[in-house]
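Report on the structure given below.
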Amino acid sequence: MEWFRKAKSGLVSQERKNIPEGLWTKCKSCGEIVYSKKMEQYLWVCPTCNFHFRIPSRKYISLLLDDGHLEEMDNKLASADPLKFKDSKKYPDRIKAANDKAGGTEGLITGLAKMGGIPVSFSIMDFAYIGGSMGSVIGEKVARSIERAIDKEIPLIIVSCSGGARMQEGVLALMQMAKTSGLLAVLSDKKVPFISILTNPTTGGVMASFASLGDVIIAEPKALLGFAGPRVIQQTIGQDLPEGFQSSEFLMEKGFLDKIVERRELRDTCISLLKYVWRG
Ligand SMILES: [Zn+2]
């Protein structure tokens, strides 16, 4: 605990190299230094300020689904490079690096699962994969998960985390907004519920399409939610933005969200909602 006391008083820089990697975690919001095992117990929510750290998509799967189990589907889809796009890297090289880092998810894990015994079509975005950006593969995987919900008449759950549409695929990425939104209209006609869960951050084309079309929209606390980033908006309109702009709490106050739910209550809340709204 000597190290912990010094860490709090800012005396650790010379001794940091002696601390095993990952043993302690510094909160990005309040600066508190917390024992990583304790953070794991708290589901990576800061015990001091309630900041929700971003966690890998597979942790949400174990947290939300019955037995932590998802029957994964559509794993064979892979991004093409129709525009032969190159910035600091060629797009195929960027895809390969992202697949190596994120374990080949192509940015979204999807399949069938159960929540509280109720069968659901479940999808979760992976921010580690090129900033959770939506290219044509993510759009197609989301579309297929909606189609499964339509065909099997089971509720749809999508956990979003995204920086927006993937610029390397240009208009093909933007078209995914229309494709997914159109299918959600069919789902709505069938009166099958869609619960959209927004995590930090959910922005851009994802927020402007399926993420904001849930019958019930819930978000984790203090998540950044919006279309363009605050700096871009501020520069465009030439005005100061209100306090807390684009946070979950701000959107809740303006009527955009139905509920802000802490991570440890997400599963129980979803199950309660499903039992309340679903006939299945
Ligand atoms: Zn904190």
Side-chain angles (χ1 to χ4, degrees), residues 1-64 68 101-102 124-129 131-132 159-164 196-204 206-207 211 217-226 228-234 240-254 256-270:
M1 290 312 285
E2 177 67 4
W3 183 86
F4 185 67
R5 189 185 60 75
K6 287 182 178 174
K8 290 191 77 173
S9 59
L11 296 172
V12 292
S13 56
Q14 293 303 312
E15 300 173 28
R16 185 169 287 256
K17 56 179 179 267
N18 298 326
I19 306 301
E21 183 93 7
L23 193 58
W24 300 90
T25 303
K26 184 174 180 180
C27 175
K28 290 174 189 163
S29 178
C30 72
E32 185 76 26
I33 294 171
V34 188
Y35 192 36
S36 294
K37 275 195 178 161
K38 191 174 176 186
M39 287 294 281
E40 185 82 42
Q41 282 170 8
Y42 283 93
L43 306 174
W44 294 94
V45 175
C46 174
T48 304
C49 73
N50 204 31
F51 177 73
H52 282 51
F53 283 66
R54 194 179 299 138
I55 56 172
S57 40
R58 297 212 179 265
K59 276 202 194 292
Y60 276 107
I61 289 174
S62 59
L63 190 71
L64 294 177
K101 186 177 159 197
I124 177 155
M125 301 189 73
D126 185 357
F127 197 81
Y129 196 98
V159 184
S160 295
C161 189
S162 174
S196 178
I197 301 173
L198 314 180
T199 67
N200 183 37
T202 301
T203 60
V206 167
M207 187 62 169
I217 305 175
I218 59 188
E220 287 191 339
K222 297 178 185 171
L224 173 71
L225 310 171
R231 198 160 23 123
V232 173
I233 296 176
Q234 196 157 5
D240 288 337
L241 298 170
E243 178 95 17
F245 183 65
Q246 291 186 321
S247 65
S248 306
E249 292 71 17
F250 187 86
L251 268 65
M252 182 76 202
E253 189 189 315
K254 302 296 175 194
F256 190 90
L257 297 178
D258 294 300
K259 200 167 172 55
I260 295 174
V261 181
E262 301 210 359
R263 188 170 288 157
R264 63 191 157 84
E265 291 169 355
L266 263 184
R267 175 176 153 82
D268 287 349
T269 303
C270 282

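Both counts, for ligands and for their atoms, begin at 1 and track the order of listing. We number each residue from 1, following the sequence as shown. All values reported here derive from a predicted model rather than from experimental measurement.
A donor-acceptor contact under 3.5 angstrom links the side chains of Asn50 and Glu262, judged on distance only.
Under the 3.5 Å distance criterion, the side-chain polar atoms of Thr202 are left unmatched by any main-chain donor or acceptor of Met207.
Using a 30° and 60° split on the angle between ring planes, Phe250 and Phe245 fall in the perpendicular class, above 60°.
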- Let me see the working for Cys49 and Cys27 under side-chain contact (heavy atoms from CB on, under 4.5 Å), right down to the final yes or no. CA-CA 9 Å; Cys49 73; Cys27 175; 3.7 Å; yes
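For the pair Lys38 and Tyr42, the cation does not sit on the ring face, since its NZ or CZ is not both under 6.0 Å from the ring centre and inside 45° of the axis.
None of Ser160, Ser248, Ser247, Pro201 except one satisfies the side chain to side chain contact (heavy atoms under 4.5 Å, CB included) rule with Leu225; the exception is Ser248.
Taking distances strictly below 2.8 Å, the protein N/O/S atoms close to the Zn ion (ligand 1) are Cys27 SG, Cys30 SG, Cys46 SG, Cys49 SG.
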